[in-house]
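Lettering follows sequence order; numbering is per chain, from 1. Being a predicted model, the structure only gives us computed values, none of them experimental.
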Protein chains: 2
Amino acid sequence: MAIGFYPTTIYHRSVTQTNDRTDPATLRTPTHGEALAHVETAIERGDLVTLFGRCTVDYDGRAESYLGPGDRLVVLKPDGTTLVHTEEGQKPVNWQPPGGTLDAELVGDRLRVGSQRTSPSESLEVEFERLTQVSAFDVTDATELSLDGTEEDLRQRILDDPDLVEAGFTPLATERQTAAGAIDIYGTDAEGTTMVVELKRRRVGPDAVGQLRRYVDALRRDLHAEAEIRGVLVAPSVTERARNMLAESGLEFVSLEP
Amino acid sequence: MAIGFYPTTIYHRSVTQTNDRTDPATLRTPTHGEALAHVETAIERGDLVTLFGRCTVDYDGRAESYLGPGDRLVVLKPDGTTLVHTEEGQKPVNWQPPGGTLDAELVGDRLRVGSQRTSPSESLEVEFERLTQVSAFDVTDATELSLDGTEEDLRQRILDDPDLVEAGFTPLATERQTAAGAIDIYGTDAEGTTMVVELKRRRVGPDAVGQLRRYVDALRRDLHAEAEIRGVLVAPSVTERARNMLAESGLEFVSLEP
DNA sequence: AGCTATATGTCGCAG
DNA sequence: CTGCGACGTATAGCT
């Protein structure tokens, strides 16, 4: 191998014994036995582990899948999350959600890493044919993401300035419960007529109209059969089909960016 | 630094010149300049790049976000996908979908990697305060995932044995178009009455009922106002509220596992 | 643990 | 490209 003159095993955390290390423990083209010990130690420590190599993947749970041999990046997180990434796509080709338990073992002479969880019972197994690199990182990240432009922001903006929906709109409640679910903003118009406002942060299709329709119908039942109720969909824009569905249902649309 | 007696720079692909290398090019605690050259070369080659270090993240696009300093794993894929992973959660804390263009540069003395895309216009920028490890992997993976237990499987099972829905059910079309969207399975019952069948691979809530309702309503309009049409939701199970909504709408439920 | 709705959803497919 | 719905959706909030 071309890189033979470099040490294959760079793992040496057992020597340093630091508690707040920032150095990764990385093995390059390790044996499967070396990799196993490395991964076991990392899992024990609560490190984030990355593996790269040729592997197969078995998943069994809500559905079932098998992925034949190929080079992939595998990430094991201390919360049990497991990700298998190929060279393309944002979504992992296989994964395990957080909450499960990680494990690693040798199957014959091959490293197998996996994550198991219950409710629902799901199993993900990654078996390596060839290991290119195995790393362990000590990672604690308390920083929180600050995010703007959500539906929640849109709601706050409307509550601060209800005229954004229409002049005279008066919000009375958010998350008002109905038999069909919670109304985003419940209120009255300038005439005192009840209004159901459904918010979407992006262009809406038929699903959003159906949602609004369910709330308005349920509210009609909850109040009086003949109560006049206006349903308003607030979103940046609406598709043609959704616009037609709004019209058929006697619902309204107000354009508002998040 | 504890590992100073190991070579900091293991990158040496420029020496080997192999086309089908399986060795990763990995830098450990590189300078930002070294890392930049490494990442640029990797992007040029179409490699998958992983970076680990302390960084901040700026996102601007469909929404906006800022993430303060912390240790994270950053993945750059040759298709432009960018992922920023913390120690927990399946979803990246920040990301950029595929299709954009990757870039890397020094901002002052710091490495900044990013991905830009259009329609929608979105930008993701990751700036490193400290670099722990930078790797590049040559990865081509033609293998396809085989997945069982999808809605498509459920549909096929019903088409093979329509009695699974009910004795005498006769499928006439899949994906039949209505003004409200496509019906999963369109057919007739033993009496010849039109049936709209909506399939779900898992337990359903109000949204699925709304969807079925839209299709049935649209079909009533499309055919005749007074045409008798049965709407059937086929799923493993149904929530209480959804069951009530089905009853109120005169719709039916058939339990079937995927 | 189950229910409901949001998401920078992502993804695939059809028009 | 947009529209539309599925997804092993994940995730958060609430009961």
Side-chain angles (χ1 to χ4, degrees), chain A residues 59-65 81 83 88-99 117-124 145 147-155 175 177-178 180-184 198-208 210-211 214-215 237-242 258, chain B residues 57 59-65 81-82 84 88-99 117-124 145 147-155 175 177-178 180-184 198-208 210-211 214-215 237-242 258:
Chain A
Y59 157 72
D60 193 4
R62 288 166 291 177
E64 280 184 51
S65 76
T81 299
L83 308 171
E88 62 179 18
Q90 175 178 341
K91 278 183 56 179
V93 61
N94 274 121
W95 70 90
Q96 184 73 297
R117 71 161 178 161
T118 51
S119 62
S121 172
E122 294 198 293
S123 162
L124 183 73
L145 180 73
L147 179 65
D148 287 320
T150 63
E151 181 181 306
E152 173 56 28
D153 294 326
L154 178 57
R155 164 161 56 182
E175 299 294 312
Q177 293 299 323
T178 73
I183 296 170
D184 281 341
E198 173 65 26
L199 307 177
K200 293 295 171 193
R201 68 170 304 283
R202 60 171 195 175
R203 183 171 174 85
V204 293
D207 53 341
Q211 203 179 340
R214 271 153 41 211
Y215 298 153
S237 58
V238 59
T239 67
E240 182 65 20
R241 182 177 283 173
Chain B
V57 186
Y59 156 72
D60 193 3
R62 287 164 293 176
E64 278 184 52
S65 76
T81 298
T82 303
V84 182
E88 61 179 19
Q90 176 177 341
K91 276 184 57 179
V93 62
N94 275 119
W95 69 89
Q96 182 74 296
R117 71 161 177 160
T118 51
S119 60
S121 172
E122 293 198 295
S123 162
L124 183 73
L145 180 74
L147 179 66
D148 286 319
T150 63
E151 180 180 307
E152 173 56 28
D153 294 325
L154 178 58
R155 164 162 55 184
E175 299 295 309
Q177 292 301 322
T178 73
I183 296 170
D184 280 342
E198 173 65 26
L199 307 177
K200 294 295 172 192
R201 69 171 303 285
R202 60 175 188 173
R203 182 171 173 85
V204 293
D207 53 340
Q211 201 180 341
R214 276 161 26 220
Y215 297 154
S237 58
V238 59
T239 67
E240 182 64 20
R241 182 176 280 172

Candidate nucleotides D:dC7, D:dG8, D:dG3, ranked by approach to the side chain of B:Glu151 - the nearest |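 Shortest atom-to-atom distance from the side chain points to D:dC7.
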
Nearest to the side chain of B:Asp184, which nucleotide is it out of D:dA6, D:dC4, D:dG8?
->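 Selected nucleotide: D:dA6.
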
Has the side chain of B:Asn94 got a donor or acceptor that lies under 3.5 Å from a partner of the other kind on the base of C:dT8?
->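 Checked by distance alone, the answer is yes.
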
If you take atom types as modelled and just measure distance, does the side chain of B:Glu240 reach the base of C:dG2 with a donor-acceptor pair under 3.5 Å?
->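 Per atom types, no contact qualifies.
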
Determine: side-chain N/O of [X] to OP1/OP2 of [N], distance under 4.0 Å, yes or no.
X: B:Arg201; N: D:dT9; answer: yes
X: B:Thr239; N: C:dT4; answer: yes
X: A:Arg241; N: D:dT2; answer: no
X: B:Tyr59; N: C:dA7; answer: no
X: B:Arg62; N: C:dT10; answer: yes
X: A:Trp95; N: D:dT9; answer: no

So [X], base contact, sugar-phosphate only, or nothing? Heavy-atom distance under 4.0 Å.
X: A:Ser65; result: nothing
X: B:Glu198; result: sugar-phosphate
X: A:Gln211; result: sugar-phosphate
X: B:Gly61; result: nothing
X: A:Arg214; result: sugar-phosphate
X: B:Ala180; result: sugar-phosphate
X: A:Pro206; result: sugar-phosphate

How close do B:Val238 and B:Ala242 get, heavy atom to heavy atom, and via which atoms?
->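 In this case the closest contact between B:Val238 and B:Ala242 is CG2-CB, 3.4 Å.
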
Taking atom [atom1] in both [N] and [M], what distance in whole Å separates the two?
N: C:dA7; M: C:dC11; atom1: C1'; answer: 14 Å
N: D:dC4; M: D:dG8; atom1: P; answer: 22 Å
N: C:dT6; M: C:dT10; atom1: C1'; answer: 14 Å

To the nearest Å, how far apart are A:Arg203 CZ and D:dG3 C1'?
->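 One finds 8 Å between C1' of D:dG3 and CZ of A:Arg203, rounded.
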
Only counting residues at least two apart or in another chain, list the ones meeting side chain to side chain donor-acceptor pair (under 3.5 Å) with A:Arg117.
->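 Counting only residues at least two positions away or on another chain, A:Arg117 forms a side chain to side chain donor-acceptor pair (under 3.5 Å) with A:Glu122.
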
Do any N or O atoms of the protein come closer than 3.5 Å to N or O atoms of nucleotides 11-15 of chain D, and which pairs are they?
| from | atom 1 | to | atom 2 | distance (Å) |
| --- | --- | --- | --- | --- |
| D:dT11 | OP1 | B:Gln90 | N | 2.8 |
| D:dT11 | OP1 | B:Lys91 | N | 2.9 |

So do A:Arg155 and A:Glu175 actually touch side chain to side chain, heavy atoms under 4.5 Å?
->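 Yes, close enough: below the 4.5 Å cut-off.
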
